[in-house]
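Every chain is numbered from 1, with letters handed out A, B, ... down the list of sequences. Treat the numbers as computed from the prediction; the structure is a model and nothing was measured.
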Amino acid sequence: MKDFAYSLPVPKDIKTIGTVTAPGAIFSCRNVQVFYGEKQAIRDVNIDIAPKEVLAMIGPSGCGKSTFLRCFNRMNDTIVGARVLGQIELEGKDIQDKHQDVVQLRARVGMVFQKPNPFPKSIYENVAYGPRIHGLAADRGELDEIVNSSLRRAGLWDEVKDRLNQPGTSLSGGQQQRLCIARTIAVNPEVILMDEPCSALDPIATAKIEDLIDELRESYAICIVTHSMQQAARVSQRTAYFHLGDLIEVGETTKIFTNPRAKLTEDYITGRFG
Amino acid sequence: MSDLELTTGPTTAQTRAKVQASIKRRYRAEMRFRAYGLFATMLGVLFVFLLFFSVFSKGWSIFGQHYVKLDVFYDAAVLDPSGTRNPDTLRSADYQALVRASLRAGFPTVEGRRELRELTGLVSSGASMQLQRAVMQNPTLIGTRDDQWVLASSQVDWLLKGRTTRNASEDERRLSDAQVTWLDALQADQCIERRFNKQFFTAGDSRDPELAGVGGALAGSLLTLLVTLLLSFPIGAAAAIYLEEFAPPETRVTDLIEVNINNLAAVPSIVFGLLGLSIFIGFFGMPRSATLVGGLVLTLLTLPTIIIASRAAIKAVPPSIREAALGMGASKIQCVVHHVLPLAMPGMLTGAIIGMARALGETAPLLMIGMVAFIVDVPQGIMDPATVLPVQVFLWADSPERGFIERTSGAIIVLLLFLVIMNASAVILRNRFEKRW
C-alpha cells in the first residue's frame, strides 16, 4: 500500500461522536449529503477510510448506510433522482468531479452486493471479466494466472478447480458470493465495498466469508455494511453507527460494542430497537 | 385466555363451521372458473380446427393436377414455312394449330368451328406455350413427332378431381356433353394423368386458373420479409436499447416518445400504406409494387411491436446483473452488450417473430403501394414488381373462375406453412440463444 496520508479538515460543528479521521486515510468524506428527489437520505456525514482496515457500518434498516456505501464507487449515479453533495476524496481527488472517470473509479473501488450476483457465464468467465475489460492480462496464460490466484484468494479454488467451465449460477449461495469476491479482487482494487454480503447466506457460508474478509484486510481497505452486530464485532476494526441518515458515532469496534458513548448507539447494540 | 373472551368470541366449533362453508364456496368458484377456461380453450381449438378443415378440404387437391397426353407433330409447314429456323419466326408461330391438329387426330369426327373450339378447350391455353418452349429449346424437333404432356383445362381438372359430377348439367360442370365423351375416350386411352402440381409452387399469377401459381407471391413475400427483417430488427433493437439504457429517464421528451410508440402500434395498417405511398413512392420516387417499398412499409408497421417487445425484454433483465457489471467497472455500453443483450435476446427475438408474423399476413398497406397489381413474372430482386401471399389470396378470392377457389385455399395453405416454418425456426433460434448464455 502506498505511503499516503490524506484527511480533509473536519468541520467544527460536527455532531458525530468519536474520531472520524483515520491515520493514512485513503478515502476522506466531508459533509456528504445524499438526496433521493426531495427526500434527504444522508445528512452531513464525515468519515475517513484507512487502508488495511475493515470499517463496519451498522444501523437500523433505512438508516442510509447502503446509500452511503454506494457513494464510494458512485453507484448512486445509476439511481434516477439521486444526488450526492459534499466532498468524497480518494487519495486527494474528488470522485464527484465531472472529470472523474467512473469506469476507472470502479476499477479501483470494487463492490460485493447483498445478493450473490454472478454473471450468467462460466466460473472462469466471471472472474476473467474484470481483467478482460480493463485489459489487465496480455495473453491467455496471464489471464489464467489471474483467475487462478483470485479464486485461491477467495478460498474457492479447491471447490471449483475441476469445473471452471460450469455456470457460476450453478454454485451454492455461499460459493456464489465468494465467486463475486474473487471477481472483485481479480482487478486488484484498492478498496472493496461490501453491502450486507452475508445476509442471504447460512451461518457456515457466512463464517467462510468472514474469514476471507479477515485475510483480504492484509491487502485492501474494506468497507462493510451489515445488519449483524456480531459480524461487525468479528470482522471490523472500526465501526460507524448510522441512524436515520446521520452518522451518530464512529470508533474502534471494541470500544463501540463495549462502551458506546452515544445513547442511540447503546440502545441499538443492546437490542432496544432496530 | 380470559372468561370474557370465551363467552363473547366465536367458539372453535362455530369458526370451523364457517371455514367449512367458505371452503365449499371457494371450491365451487374454482370449479366454475375452470369450466369457463376449459370452454374458452375448447372454443378456440374448435375454430382453429374449423379453419384448417375448411382450408385443407378446399385446398388439398391443389397438390395434384391433371395432364393430357398429346401426340404432337411439329409440322414444319406451320412452324417454319421458309425453313430458316429464325428464332423470331419460331417464337411467333401458331402453336395452337399444332395443339388443335393433335387433338383432332384423336377425334376425326369433330367438325365445325364450335366443336373444334370445345375440343381444344379440354387442354389449357398454356399448352401452346409449352410447345413453343419445347421448340425454342430444341429446334430439331421440327418435322418430328413427339408425345407431350400438357395441362388439362381447369374445367377438366375440376371434373376429374370430383368437384363436380358427370351427371351435373352442362352449365353446372362447365363442360358440354361432347367434351365429357371425349374426355372419357382420352381416359380410356390412358392419355390423362394426375401428377404432382410442381407448377403451382413455381409459376407466377395467370388469368387461367390451371396456369396460376403462388411462386411469384411466395418469392414476393420472402423478399418483402427479408427487407423488413433486415431493417426493423436492428432499428427496433437499437431504439429499444437507447430508450431503456441511455435515454434520460422520465423526462417529457422520453415520455412523449414512449406514448407515441405505443400509439403507433395501434395505428391501422392502411395508414402506413398511405404513408409509404406518399413518402417512398411519391417523394423518393421508388418503383411502384416493388418488394423494397413493401418491406419499408412493413418495417414502419412492425417497428412499434418490436420496440415494445424488446424494451420489455430488456426491462426484464435483473438489475443485479447490471449492478454487477457496472460495479466491476464496465462502461455502460459494455454492460449492455456483454450482459443485458445476451439475456434479453430471446425476448427480443420473440418480439421480432411476432412482428414478422404480422408483416407476413399484412394485406391492406400493400394494396396502397401497388402490390395488388396483376404480376405474372416471379420477382428476381427487391426492385421488381411483385405481390405477396395474402394479397394473392385476396386477388384469387375475388376471381370469378371456379378454378381459383382451389387456388385460393392452396395459397392459404402455403401461407400457413410459411408461418409455421418461420415460427418454428424462430423458436429453435430462441432456444439456442437461451442455452448459449
**Q.** chain B contacts, top residue of A:His134, A:Lys115, A:Gln114 (heavy-atom pairs, under 4.5 Å)
**A.**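 When all of A:His134, A:Lys115, A:Gln114 are compared, A:His134 has the most.
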Q) So which part of A:Val80 gets closer than 4.5 Å to some heavy atom of chain B, the side chain, the backbone, both or neither? A)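 The side chain, not the backbone.
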Q. Contact part of A:Pro189 toward chain B, heavy-atom cut-off under 4.5 Å: side chain, backbone, both or neither?
A.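 No part of it gets close to chain B.
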Q.
Would A:Arg183 and A:Phe119 count as a cation-pi pair here, with the cationic atom under 6.0 angstrom from the ring centre and within 45° of the axis?
A.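 Yes, a cation-pi geometry holds between A:Arg183 and A:Phe119.
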Q: Could you label the plane-to-plane angle of the B:Phe280 and B:Phe284 rings as parallel, tilted or perpendicular, counting under 30° as parallel and over 60° as perpendicular?
A: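 Ring orientation, 0 to 90° scale: parallel.
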Q. For the residue pair A:Phe242 and A:Phe68, does the interplanar ring angle fall in the parallel (under 30°), tilted (30 to 60°) or perpendicular (over 60°) class?
A.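 Because their plane-to-plane angle lies in the 30° to 60° range, the rings of A:Phe242 and A:Phe68 count as tilted.
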Q. When you look at CZ of B:Arg16, are more than 12 heavy atoms from neighbouring residues, nucleotides or ligands closer to it than 6.0 Å?
A.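 No, not enclosed.
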